[in-house]
Amino acid sequence: MTGAELILMFASGFLAATILPIASEAVLASFSSSASTGDLAVLIAVATVGNVLGALLNWWIGGWLTHWQEKRWFPIKARSLERASKVFNRWGQPSLLLAWTPFLGDPLTFVAGLLRVPIVPFLIYVTIGKVVRYVLVAGLASEWL
């Protein structure tokens, strides 16, 4: 495993957790197909750390934006925020286990920041979901590719 591969894995994991359409699973799968068991564990760890940090950026931006929610130009109307709050509160913090899912995960972590979900439960749930996803992707890729 080279340093460049690890940097690419981290960067793809981080960027995939933002609104950019990056598929970190594809990068992990391509590296997993030829990785040793030890390298596979490192790849999963690097991908997870990058992806969780990207989700944390979404959470932070969501929390930061709430300072301006009373402004007329604020992009999310009070009614929409109230509706998102009700939905999120209905499913609770464990819904953050789904932060890895395409199309749902990025907005979910953003809304968690808007709703001021505490950082410790946020990190626990998001990390669990992302680790499980990367373990499954790496395992399947190393078996099938």
Side-chain angles (χ1 to χ4, degrees), residues 1-69 71 73-77 80-81 83-145:
M1 186 69 31
T2 68
E5 290 171 328
L6 292 175
I7 290 169
L8 180 59
M9 188 71 261
F10 177 86
S12 69
F14 182 87
L15 293 173
T18 66
I19 61 168
L20 298 174
I22 306 289
S24 60
E25 297 86 357
V27 175
L28 179 62
S30 69
F31 289 154
S32 296
S33 63
S34 62
S36 68
T37 303
D39 285 346
L40 203 53
V42 171
L43 281 170
I44 291 167
V46 169
T48 300
V49 168
N51 210 241
V52 169
L53 288 176
L56 188 58
L57 176 64
N58 292 342
W59 174 86
W60 180 81
I61 291 170
W64 177 73
L65 280 176
T66 60
H67 294 292
W68 289 280
Q69 70 185 33
K71 301 287 185 189
W73 55 262
F74 188 73
I76 302 169
K77 302 295 177 208
S80 297
L81 187 57
R83 212 173 350 181
S85 178
K86 284 181 183 178
V87 170
F88 188 85
N89 290 330
R90 177 178 175 201
W91 299 102
Q93 293 175 1
S95 66
L96 290 168
L97 290 167
L98 299 174
W100 63 270
T101 58
F103 307 110
L104 174 65
D106 301 341
L108 187 60
T109 58
F110 179 78
V111 167
L114 279 173
L115 299 178
R116 305 240 184 228
V117 171
I119 194 167
V120 171
F122 175 85
L123 288 174
I124 290 170
Y125 286 120
V126 169
T127 301
I128 290 169
K130 290 177 183 285
V131 154
V132 168
R133 180 251 328 247
Y134 282 132
V135 166
L136 290 173
V137 167
L140 291 172
S142 64
E143 274 301 306
W144 292 346
L145 296 180

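Since the structure is predicted, the reported quantities are computational estimates derived from the model, not experimental observations. FYI, the numbering just counts along the sequence from 1. FYI, side chains are in, hydrogens and waters are out, and symmetry mates aren't considered; it's all heavy atoms of this structure.
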Pairs under 3.5 angstrom only: tabulate donor-acceptor contacts from the side chains of residues 92-104 to other protein residues two or more places apart or in another chain.
{"from": "Ser95", "atom 1": "OG", "to": "Gly92", "atom 2": "O", "distance (Å)": "2.7"}
{"from": "Trp100", "atom 1": "NE1", "to": "Leu97", "atom 2": "O", "distance (Å)": "3.3"}
{"from": "Thr101", "atom 1": "OG1", "to": "Leu98", "atom 2": "O", "distance (Å)": "2.8"}

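- Here the straight-line distance linking atom CG of Leu56 with atom CG of Asn51 works out to 11.5 Å at 0.5 Å rounding.
- For the pair Asn58 (side chain) and Phe110 (backbone), a donor-acceptor distance under 3.5 Å is absent.
- Every residue two or more places apart in sequence or in another chain that forms a side-chain contact (heavy atoms from CB on, under 4.5 Å) with Trp60 is listed here: Leu57, Trp64.
- Of the residues Thr48, Val46, Val42, the one that meets the side chain to side chain contact (heavy atoms under 4.5 Å, CB included) test with Ile44 is Thr48.
- Atom CH2 of Trp68 is surrounded by more than 12 heavy atoms from other residues, nucleotides or ligands within 6.0 Å.
- A ring pair (Phe, Tyr, Trp, His ring centres under 6.0 Å) check over residues 4-48, counting only residues at least two apart or in different chains, returns nothing.
- Residues satisfying the side-chain contact (heavy atoms from CB on, under 4.5 Å) criterion with Pro107, sequence neighbours excluded, are absent altogether.
- When the side chain to side chain donor-acceptor pair (under 3.5 Å) test is applied to Ser32, no partner is found at least two apart in sequence or on another chain.
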side-chain contact (heavy atoms from CB on, under 4.5 Å) between Val131 and Val52, intermediate numbers included: CA-CA 9 Å; Val131 154; Val52 169; over 6 Å; no
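- Sequence neighbours left out, not one pair with a member in residues 103-130 passes salt bridge (Lys or Arg N to Asp or Glu O under 4.0 Å).
- Qualifying salt bridge (Lys or Arg N to Asp or Glu O under 4.0 Å) partners for Glu5, counting only residues two or more places apart in sequence or in other chains: none.
- Pairs passing the salt bridge (Lys or Arg N to Asp or Glu O under 4.0 Å) check and including a residue from residues 23-52, sequence neighbours excluded, read Glu25-Arg133.
- Residue pairs meeting the ring pair (Phe, Tyr, Trp, His ring centres under 6.0 Å) criterion with at least one member in residues 111-136, sequence neighbours excluded, are Trp59-Phe122.
- Listed by first and then second residue, the side chain to side chain donor-acceptor pair (under 3.5 Å) pairs involving residues 8-22 amount to none (not counting sequence neighbours).
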